[in-house]
Amino acid sequence: MDKNEKINELARRRGFLWPAFELYGGAAGFFDYGPLGAPLKRRIEDIWRQYFVIQEGFAEIEAPTIGVEGIYQASGHLSGFSDPLTGCKECKEVYRADHLIKHIVEVPDALSNEEIYKTIQENEIGCPECGGQLTEVYEFNLMFKTMIGPGNKMTGYMRPETAQGMFINFPRLLRYFRDSLPFAAVQIGKSYRNEISPRQGVIRLREFTQAEAEIFIDPRDKTHPRFGEIRDIRMKFYSQAAQEKGVEEEMTFGEAVERGVVAHQALAYYVARTYQFLLAIGVAPDKLRFRQHKADEMAHYAADCWDAEVFLDRLGWIEIVGVADRTDYDLKAHAATSKVNLSVFVHYDQPVKRQKLVVKPDFKSLGPRFKGKAKAVGEALKALSPEELKGDMIRLTVDGEPIEIEPTLVSFESVEEEIRGEEVIPHVIEPSFGIDRILYTVLDHSYYEDAVDGESRAVLKFLPAVAPIEVAVLPLMDRKELVGPARAIVDELRRLGLRVDYDTSGSIGRRYRRNDEIGTPYDVTVDYETIEQGTVTIRDRDTMLQIKVPLAQVANTLQALLCGTIKFEAAGTILSPAKEA
RNA sequence: GCGCCGAUAGUGUAGCGGUUAUCACUAGGCGUUGCCAACGCCUAAACUCGGGUUCGAAUCCCGAUCGGCGCACCA
């Protein structure tokens with residue numbers, strides 16, 4: 001069994017990840033989070049909230065997972081997320097139908113499936129592999145489609161990303177943030193993609209959890225006020241240039257921005273925050289890199305894009321986060337489709353003064369003369385320059401009809417105008433996290449085996465902040481005099497909100513192993529000294545060292561250990577290492 | 001979607017046309033046990049599903065589902 005298989009087997013056996021619908025034969029691309037997986041996922045999400053909601057002051061919202069058609073017309077998912085496919089009747093190979101007629105039709109995207117098929121037939125296009133006949137063109141859209149309400153009145157789609165929920169709430173969010181930039185909204189939730197062939201467990205799912213932030217910034221100012229906090233962090237950058245050489249480049253974020261490796265401070269800041277977050281949940285720094293999208297890989301509207309990639313045993317480098325400057329693409333698209341202005345009025349520091357020509361047509365005279373056309377004539381006059389308004393006679397054309405007007409019927413003057421600001425469409429920085437992949441990474445990067453007395457020991461070295469079980473309370477033996485005090489400790493710790501497991505079955509060593517395997521950081525053992533001297537031992541998962549702590553301090557000590565405010569060796573009296581078996 | 005390979009207790013497995021379906025670990029119970037997967041006894045637990053061939057199928061054939069790998073796909 002390789003490491004990947006071991007982790008999957010452990011995850012299944014101990015209740016982290018289960019293939020969904022097993023009772024009914026299962027379905028590819030769906031997973032259940034079990035009793036340990038669900039809290040692990042929840043804790044990872046909560047740390048994400050710490051980093052991207054609480055510490056940044058962003059707003060978390062929750063939009064429906066089903067969306068109406070308009071959203072995905074605007075976002076491009078309806079057309080771009082769907083591919084016309086055709087297959088070979090002979091060798092069964094499947095092709096993108098539009099790709100096959102690229103050299104014949106200039107814009108295959110504009111054709112319907114029937115038209116593409118007609119083109120294929122008319123040009124006698126066969127299978128590129130074997131020359132066989134091709135099937136009719138059919139649509140494969142990666143979005144799950146559903147009906148809203150009875151009948152076919154309204155089509156709904158399961159959202160393929162959480163991002164759109166933030167974009168379409170832009171006007172409400174803007175008001176919530178008192179009409180000023182920058183601001184940001186985030187969502188953590190499920191997204192759905194009907195993948196053609198999902199594989200590799202939780203790496204490619206049909207239903208998955210995303211955590212996304214949409215940070216709306218002033219396009220003219222892509223600095224970041226808190227850039228100083230991350231300027232000196234050193235990290236490996238796998239830039240476009242570095243990828244050509246095949247070697248990552250280590251530098252500080254300050255250097256990265258100064259040298260133009262990362263487009264600007266705002267993007268660099270969120271790359272750095274992403275880096276900090278990933279380390280905080282236990283992603284191994286030596287198996288983590290940030291890779292810049294190559295020019296041809298980047299969406300056409302994106303200004304710059306960096307992916308966090310992790311090295312996973314057997315799977316290689318896998319993308320787990322994308323941080324992109326999406327410019328004003330999304331807001332412009334929604335503005336165009338919904339016909340709602342999605343710009344922000346940005347006030348200048350100082351109003352700008354400007355000369356402006358004000359033209360006032362004499363409607364009292366123009367009205368009777370031009371009747372219904374008067375308004376159009378007035379508009380045409382307003383568009384003229386001072387030179388054109390002077391002359392003996394003003395000449396203009398309205399609805400193709402030449403018109404002459406005496407200059408006395410128009411007055412105009414140049415006035416000084418104060419401009420206090422302008423309308424801008426914000427640019428969007430989007431960090432987008434695949435939570436399921438991140439959780440798997442934490443499992444992969446936490447797993448190790450060591451040898452204890454010649455026996456192999458499997459350990460998940462979860463950081464206390466993500467561990468699904470934080471403390472196991474274990475009576476040395478299942479005897480009344482030990483069980484009583486042990487239960488009292490369990491109750492106390494649970495009252496304090498700790499995730500506590502209690503186990504009396506089997507030998508003490510067996511129970512230590514069980515807890516090592518699910519990543520419990522600390523085991524509290526109740527023994528006869530608990531009764532005689534009022535102490536318990538606390539065992540550290542990774543070193544297997546034990547300290548002796550007075551009963552009254554157990555809770556405090558554990559809380560301090562879990563928060564990392566004290567070192568294990570300093571938390572109590574160290575006992576000699578476990579005796580040889 | 002295509003091709004190749006696979007699917008047996010919770011986990012890992014044996015099985016090659018007739019077995020009470022093998023073994024180990026695991027899990028539960030009782031006893032024992034003074035700190036790193038101890039021991040004894042007991043218990044629970046499986047042939048992925050649907051067809052077919054055959055007197056008889058876990059075993060052979062077909063199909064589906066799921067999984068692994070390669071190809072294609074992955075805004």
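The sequence lines fix the lettering, A, B, ..., with proteins before strands; numbering per chain opens at 1.
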Legend entry - Sidechain N-carboxylate O distance under 4.0 Å for A:R12, A:E22: no
Legend entry - Nearest-nucleotide comparison on RNA chain B, the residue closer to the 5′ end among A:G26 and A:D503: A:D503
Legend entry - B:C74 versus B:U65 - spacing of their C1' atoms, nearest Å: 23 Å
Inset, instruction - Could you summarise the pairing of RNA chain B as dot-bracket text, marking Watson-Crick and G-U pairs under 3.5 Å with ( ) or [ ] inside the strand and | across strands? - result: (((((((..(((.....[....))).(((((.......)))))....(((((..]....))))))))))))....
Inset, instruction - Could you work out the separation of B:C66 and B:A72 based on their P atoms and round it to a whole Å? - result: 22 Å
Legend entry - Atom P, compared across B:G63 and B:C55: separation rounded to whole Å: 24 Å
Inset, instruction - Look at the side chain of A:R204 and decide which nucleotide, out of B:C69, B:G34, B:C74, has an atom nearest to it. - result: B:C74
Legend entry - Rounded distance in Å between the P positions of B:U26 and B:C16: 28 Å
Inset, instruction - Measure from CG on A:L142 to C1' on B:A72 and round the result to the nearest Å. - result: 14 Å
Inset, instruction - Could you work out which one of B:U11, B:C36, B:C69 sits closest to the side chain of A:Q200? - result: B:C69
Inset, instruction - Answer with yes or no whether the side chains of A:Q210 and A:S191 bring together a donor and an acceptor at under 3.5 Å. - result: yes
Legend entry - Side chain of A:S197 - closest among B:C36, B:C66, B:G1: B:G1
Inset, instruction - Could you work out the separation of B:G67 and B:C23 based on their C1' atoms and round it to a whole Å? - result: 25 Å
Inset, instruction - May I ask you to check whether A:Y270 and A:E430 show a side-chain donor-acceptor distance below 3.5 Å? - result: no
Inset, instruction - Measure the distance from CG on A:N141 to P on B:C74 and round it to the nearest whole Å. - result: 13 Å
Legend entry - A:R12 side-chain proximity, nearest of B:G34, B:U11, B:A37: B:U11
Inset, instruction - Using the C1' atom as the reference point in each nucleotide, state the distance between B:U53 and B:G17 in Å, no decimals. - result: 11 Å
Inset, instruction - Report yes if a donor N or O on one partner sits less than 3.5 Å from an acceptor N or O on the other, where the partners are the side chain of A:R511 and the base of B:C36; otherwise report no. - result: no
Inset, instruction - Using whole Å, report how far CD of A:E22 lies from C1' of B:C49. - result: 14 Å
Inset, instruction - Write down the distance separating the P atoms in B:A7 and B:C47, rounded off to the nearest Å. - result: 15 Å
Legend entry - Distance-only side-chain donor-acceptor flag, A:N4 / A:Y440, under 3.5 Å: yes
Legend entry - Given B:G12, B:A72, B:G34, the nucleotide with the shortest approach to the side chain of A:R479: B:G34
Legend entry - Among B:A72, B:C36, B:A37, the nucleotide that comes nearest once only the side chain of A:R510 is considered: B:A37
Legend entry - NZ/NE/NH1/NH2 to OD/OE distance under 4.0 Å, A:D516 and A:R541: no
Inset, instruction - Select base, sugar-phosphate, or nothing to describe what A:R541 touches, counting heavy atoms under 4.0 Å on all strands. - result: nothing
Legend entry - Presence of donor-acceptor pair under 3.5 Å, side chain of A:R199 and base of B:G70: yes
Legend entry - Nucleotide nearest A:A28 (side chain, heavy atoms from C-beta), chosen from B:G68, B:C66, B:A38: B:C66
Inset, instruction - Test A:E449 against every option in A:R513, A:K6, A:R457 by the salt bridge (Lys or Arg N to Asp or Glu O under 4.0 Å) rule and name the one that passes. - result: A:K6
Inset, instruction - Select one nucleotide: of B:A37, B:G1, B:G12, the one nearest the side-chain heavy atoms of A:E9. - result: B:G12
Inset, instruction - With RNA chain B as reference, determine whether A:Y24 or A:I196 sits nearer its 5' end, using the nearest nucleotide of each. - result: A:Y24
Legend entry - Short N-O contact, A:E529 and A:K548, less than 4.0 angstrom: yes
Legend entry - Options B:G28, B:C69, B:C36, nucleotide nearest the side-chain atoms of A:R513: B:C36
Legend entry - Atom-pair distance (CG on A:L315; C1' on B:C69), nearest Å: 12 Å
Inset, instruction - Round to the nearest Å and state the distance from A:L476 atom CG to B:C36 atom P. - result: 9 Å
Legend entry - B:A64 to B:U22 separation - P atoms, rounded to the nearest Å: 33 Å
Legend entry - Atom NZ of A:K294 with >12 non-hydrogen neighbours under 6.0 angstrom: no
Inset, instruction - Determine the sole option in A:L562, A:D523, A:L561 for which the side chain to side chain contact (heavy atoms under 4.5 Å, CB included) test with A:V471 is passed. - result: A:L562
Legend entry - Which nucleotide in B:G34, B:C69, B:A38 has an atom nearest any side-chain atom of A:M477: B:G34
